[in-house]
Amino acid sequence: MTVSPANIEAMMGSKILKLNPTLIEDFWAAKAFAPEYFQGWPRWLAPKIFRARDRVIDAIRKWHEYAFAHGDHTNTGPRDPDWDSVWGSKYAKVRQQFMLKMTPLTPYVRAAEDWGLMFGANGNTAPVVFWFLFETLKDPGLASRMMAEVRPTVSERGDVNA
(Lines give C-alpha, C1' and ligand atoms only; values in the text may rest on other atoms or scores of the structure.)
Protein backbone atom coordinates (compact mmCIF):
# COMPACT_ATOMS: atom_id res chain seq x y z
CA MET A 1 0.00 0.00 0.00
CA THR A 2 2.90 2.39 0.63
CA VAL A 3 4.06 2.25 -3.00
CA SER A 4 0.58 3.01 -4.35
CA PRO A 5 0.69 6.81 -3.98
CA ALA A 6 3.99 6.94 -5.87
CA ASN A 7 2.71 4.61 -8.61
CA ILE A 8 -0.49 6.58 -9.05
CA GLU A 9 1.25 9.95 -8.98
CA ALA A 10 3.86 8.80 -11.51
CA MET A 11 1.21 7.54 -13.92
CA MET A 12 -1.68 9.94 -13.31
CA GLY A 13 -0.18 13.05 -11.72
CA SER A 14 -0.38 14.50 -8.23
CA LYS A 15 -3.73 16.21 -8.78
CA ILE A 16 -5.72 12.95 -8.67
CA LEU A 17 -4.52 12.33 -5.10
CA LYS A 18 -5.15 15.93 -4.02
CA LEU A 19 -8.68 15.86 -5.43
CA ASN A 20 -9.39 12.50 -3.80
CA PRO A 21 -7.64 12.22 -0.41
CA THR A 22 -9.10 8.76 0.32
CA LEU A 23 -8.27 7.29 -3.09
CA ILE A 24 -5.54 4.96 -1.83
CA GLU A 25 -7.73 3.48 0.92
CA ASP A 26 -10.70 3.25 -1.45
CA PHE A 27 -8.55 1.56 -4.08
CA TRP A 28 -7.34 -1.16 -1.71
CA ALA A 29 -10.84 -1.68 -0.32
CA ALA A 30 -12.14 -2.19 -3.85
CA LYS A 31 -9.21 -4.39 -4.87
CA ALA A 32 -9.94 -6.72 -1.96
CA PHE A 33 -13.19 -7.64 -3.73
CA ALA A 34 -11.52 -8.47 -7.06
CA PRO A 35 -12.50 -12.16 -7.00
CA GLU A 36 -16.17 -11.22 -6.67
CA TYR A 37 -16.00 -8.73 -9.54
CA PHE A 38 -14.30 -11.24 -11.80
CA GLN A 39 -16.80 -13.95 -10.92
CA GLY A 40 -19.57 -11.70 -12.19
CA TRP A 41 -21.57 -11.27 -9.01
CA PRO A 42 -24.62 -9.05 -9.63
CA ARG A 43 -24.79 -5.66 -7.95
CA TRP A 44 -28.02 -6.48 -6.10
CA LEU A 45 -26.45 -9.53 -4.48
CA ALA A 46 -23.28 -7.80 -3.28
CA PRO A 47 -23.90 -4.05 -3.02
CA LYS A 48 -21.01 -3.50 -0.58
CA ILE A 49 -18.38 -4.61 -3.06
CA PHE A 50 -19.80 -2.40 -5.78
CA ARG A 51 -19.90 0.65 -3.48
CA ALA A 52 -16.18 0.19 -2.92
CA ARG A 53 -15.50 0.04 -6.66
CA ASP A 54 -17.86 2.95 -7.36
CA ARG A 55 -15.90 5.18 -4.97
CA VAL A 56 -12.72 4.56 -6.96
CA ILE A 57 -14.36 5.04 -10.34
CA ASP A 58 -16.08 8.22 -9.11
CA ALA A 59 -12.71 9.53 -7.91
CA ILE A 60 -11.18 8.85 -11.31
CA ARG A 61 -14.11 10.55 -13.07
CA LYS A 62 -13.66 13.58 -10.80
CA TRP A 63 -9.98 13.68 -11.77
CA HIS A 64 -10.85 13.33 -15.49
CA GLU A 65 -13.28 16.25 -15.27
CA TYR A 66 -10.69 18.40 -13.52
CA ALA A 67 -7.89 17.37 -15.89
CA PHE A 68 -9.90 18.09 -19.04
CA ALA A 69 -10.78 21.53 -17.65
CA HIS A 70 -7.31 22.44 -16.33
CA GLY A 71 -4.78 20.37 -18.26
CA ASP A 72 -3.78 19.46 -21.79
CA HIS A 73 -4.01 15.79 -22.68
CA THR A 74 -2.75 16.46 -26.22
CA ASN A 75 0.80 17.58 -25.41
CA THR A 76 2.49 14.23 -25.98
CA GLY A 77 5.11 15.16 -28.54
CA PRO A 78 8.82 14.54 -28.16
CA ARG A 79 9.47 18.12 -26.97
CA ASP A 80 6.56 18.14 -24.50
CA PRO A 81 7.16 17.41 -20.81
CA ASP A 82 7.15 13.71 -19.89
CA TRP A 83 4.97 14.43 -16.84
CA ASP A 84 2.73 17.11 -15.38
CA SER A 85 0.79 17.36 -12.14
CA VAL A 86 -2.65 17.39 -13.79
CA TRP A 87 -2.47 14.45 -16.22
CA GLY A 88 0.66 12.72 -15.03
CA SER A 89 2.61 10.77 -17.62
CA LYS A 90 2.41 10.98 -21.38
CA TYR A 91 1.10 7.43 -21.19
CA ALA A 92 -2.01 8.62 -19.30
CA LYS A 93 -2.53 11.34 -21.90
CA VAL A 94 -2.15 8.99 -24.86
CA ARG A 95 -4.62 6.57 -23.22
CA GLN A 96 -7.15 9.39 -23.02
CA GLN A 97 -6.55 10.38 -26.64
CA PHE A 98 -7.08 6.78 -27.72
CA MET A 99 -10.20 6.28 -25.57
CA LEU A 100 -11.76 9.56 -26.73
CA LYS A 101 -11.58 8.29 -30.32
CA MET A 102 -13.63 5.27 -29.32
CA THR A 103 -17.06 6.92 -29.32
CA PRO A 104 -18.89 4.18 -27.42
CA LEU A 105 -16.66 4.80 -24.39
CA THR A 106 -18.56 6.95 -21.92
CA PRO A 107 -16.84 8.94 -19.15
CA TYR A 108 -17.75 6.11 -16.76
CA VAL A 109 -16.13 3.49 -19.00
CA ARG A 110 -12.98 5.60 -19.44
CA ALA A 111 -12.75 5.91 -15.65
CA ALA A 112 -13.25 2.15 -15.28
CA GLU A 113 -10.45 1.61 -17.82
CA ASP A 114 -8.14 3.82 -15.77
CA TRP A 115 -9.12 1.85 -12.66
CA GLY A 116 -7.87 -1.21 -14.54
CA LEU A 117 -4.55 0.54 -15.17
CA MET A 118 -4.35 1.51 -11.50
CA PHE A 119 -5.29 -2.05 -10.50
CA GLY A 120 -2.54 -3.59 -12.61
CA ALA A 121 0.15 -1.14 -11.57
CA ASN A 122 -0.53 -1.43 -7.86
CA GLY A 123 -1.86 -4.95 -7.52
CA ASN A 124 0.45 -6.71 -9.96
CA THR A 125 3.41 -4.65 -11.19
CA ALA A 126 4.71 -3.39 -7.85
CA PRO A 127 4.86 -6.85 -6.24
CA VAL A 128 6.45 -8.36 -9.37
CA VAL A 129 9.14 -5.66 -9.43
CA PHE A 130 9.80 -6.13 -5.72
CA TRP A 131 10.32 -9.89 -6.08
CA PHE A 132 12.42 -9.42 -9.21
CA LEU A 133 14.75 -7.04 -7.35
CA PHE A 134 14.75 -9.16 -4.18
CA GLU A 135 15.73 -12.34 -6.02
CA THR A 136 18.29 -10.50 -8.16
CA LEU A 137 19.99 -8.74 -5.25
CA LYS A 138 20.23 -11.84 -3.07
CA ASP A 139 22.31 -13.57 -5.77
CA PRO A 140 25.72 -11.80 -5.75
CA GLY A 141 26.64 -12.93 -9.26
CA LEU A 142 23.33 -11.86 -10.75
CA ALA A 143 23.37 -8.59 -8.78
CA SER A 144 26.82 -7.66 -10.09
CA ARG A 145 25.77 -8.45 -13.69
CA MET A 146 22.66 -6.29 -13.27
CA MET A 147 24.67 -3.41 -11.80
CA ALA A 148 27.16 -3.67 -14.69
CA GLU A 149 24.22 -3.25 -17.10
CA VAL A 150 22.80 -0.27 -15.22
CA ARG A 151 26.03 1.56 -14.35
CA PRO A 152 26.57 3.14 -17.83
CA THR A 153 23.16 4.82 -17.64
CA VAL A 154 23.91 6.66 -14.37
CA SER A 155 25.93 9.89 -14.41
CA GLU A 156 28.46 10.86 -11.74
CA ARG A 157 25.77 13.08 -10.16
CA GLY A 158 23.40 10.10 -9.94
CA ASP A 159 21.10 11.11 -12.80
CA VAL A 160 19.71 8.38 -15.00
CA ASN A 161 20.42 8.80 -18.71
CA ALA A 162 18.05 6.46 -20.49
Side-chain angles (χ1 to χ4, degrees), residues 1-41 48-49 52-53 55-64 66-67 71-99 109-162:
M1 188 158 134
T2 57
V3 174
S4 299
N7 278 344
I8 292 170
E9 184 173 347
M11 287 187 311
M12 301 172 164
S14 53
K15 198 50 95 169
I16 189 171
L17 297 172
K18 288 182 176 130
L19 291 168
N20 303 288
T22 63
L23 179 61
I24 302 303
E25 293 79 16
D26 293 340
F27 167 80
W28 284 103
K31 188 184 178 310
F33 295 117
E36 289 82 1
Y37 302 133
F38 299 142
Q39 291 170 2
W41 287 41
K48 179 181 175 185
I49 69 172
R53 186 185 68 179
R55 282 193 305 274
V56 176
I57 293 174
D58 288 345
I60 294 170
R61 285 177 71 180
K62 180 178 177 182
W63 164 61
H64 284 171
Y66 179 90
D72 181 1
H73 70 287
T74 64
N75 62 346
T76 55
R79 295 180 192 261
D80 292 323
D82 290 330
W83 185 91
D84 69 62
S85 64
V86 175
W87 275 109
S89 66
K90 284 183 181 178
Y91 178 68
K93 295 175 185 182
V94 169
R95 278 177 56 87
Q96 287 302 316
Q97 292 171 18
F98 180 73
M99 288 191 285
V109 173
R110 289 194 312 272
E113 283 287 327
D114 276 348
W115 180 57
L117 173 65
M118 192 183 292
F119 189 97
N122 290 286
N124 300 338
T125 305
V128 166
V129 169
F130 168 80
W131 285 111
F132 166 77
L133 289 173
F134 179 81
E135 292 296 327
T136 301
L137 295 175
K138 81 175 191 182
D139 178 332
L142 187 55
S144 69
R145 287 189 356 240
M146 182 181 75
M147 294 306 289
E149 288 280 331
V150 172
R151 197 168 291 113
T153 67
V154 180
S155 73
E156 288 182 24
R157 292 186 353 215
D159 298 329
V160 176
N161 305 313

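The nearest pair of heavy atoms linking Trp115 to Ala30 is CZ2-CB, 4.1 Å. The shortest non-hydrogen separation linking His64 to Trp87 is CD2-CZ3, 4.3 Å. Across all their heavy atoms, Lys48 and Phe33 have their closest contact at CE-CZ, 4.1 Å. The two residues Leu23 and Leu17 come nearest to each other via the heavy atoms CD2-CD2, 4.0 Å. Minimum interatomic distance between Pro127 and Asn124 (heavy atoms only, all atoms of both residues): CD-O, 3.2 Å. Pairing each heavy atom of Trp28 with each of Ser4, the nearest pair is NE1-OG, 2.9 Å.
Looking only at distances, a side-chain donor or acceptor of Asn20 sits under 3.5 Å from a matching main-chain atom of Ala59. Without hydrogens or angle criteria, Ser85 side chain to Ser14 main chain gives no donor-acceptor distance under 3.5 Å. Counting only distance, with no hydrogens or angles, the side chain of Ser144 and the backbone of Gly141 share a donor-acceptor pair below 3.5 Å.
Of the inter-residue distances, the one linking Ile8 atom CD1 with Met118 atom CE reads 4.5 Å to the nearest 0.5 angstrom. Phe27 contributes atom CZ, which lies 4.5 Å from atom CG of Asn122 (distance to the nearest 0.5 angstrom). Of the inter-residue distances, the one linking Leu133 atom CG with Trp131 atom CH2 reads 11.5 Å to the nearest 0.5 angstrom. Atom NZ of Lys31 and atom CZ of Phe119 lie 4.5 Å apart (nearest 0.5 Å). The distance from atom CD of Gln96 to atom OG1 of Thr76, rounded to the nearest 0.5 Å, is 12.0 Å. Between Glu135 atom CD and Leu137 atom CG the span is 10.0 Å, to the nearest 0.5 Å.
Between Asp84 and the options Lys15, Lys93, Lys90, a salt bridge (Lys or Arg N to Asp or Glu O under 4.0 Å) holds for only Lys93. With respect to Asp114, the side-chain contact (heavy atoms from CB on, under 4.5 Å) criterion is satisfied by exactly one of Ile60, Val109, Ile57, Val56: Ile60.
Counting only heavy atoms from C-beta outward, the side chains of Thr22 and Arg55 never approach each other to under 4.5 Å.
With ring centers used as reference points, Tyr66 lies 6.0 Å or more from Trp63.
Around the CD atom of Gln39, the shell of radius 6.0 Å holds more than 12 heavy atoms that belong to other residues, nucleotides or ligands. Within a 6.0 Å radius of CZ in Phe98, other residues, nucleotides and ligands contribute 12 heavy atoms or fewer.
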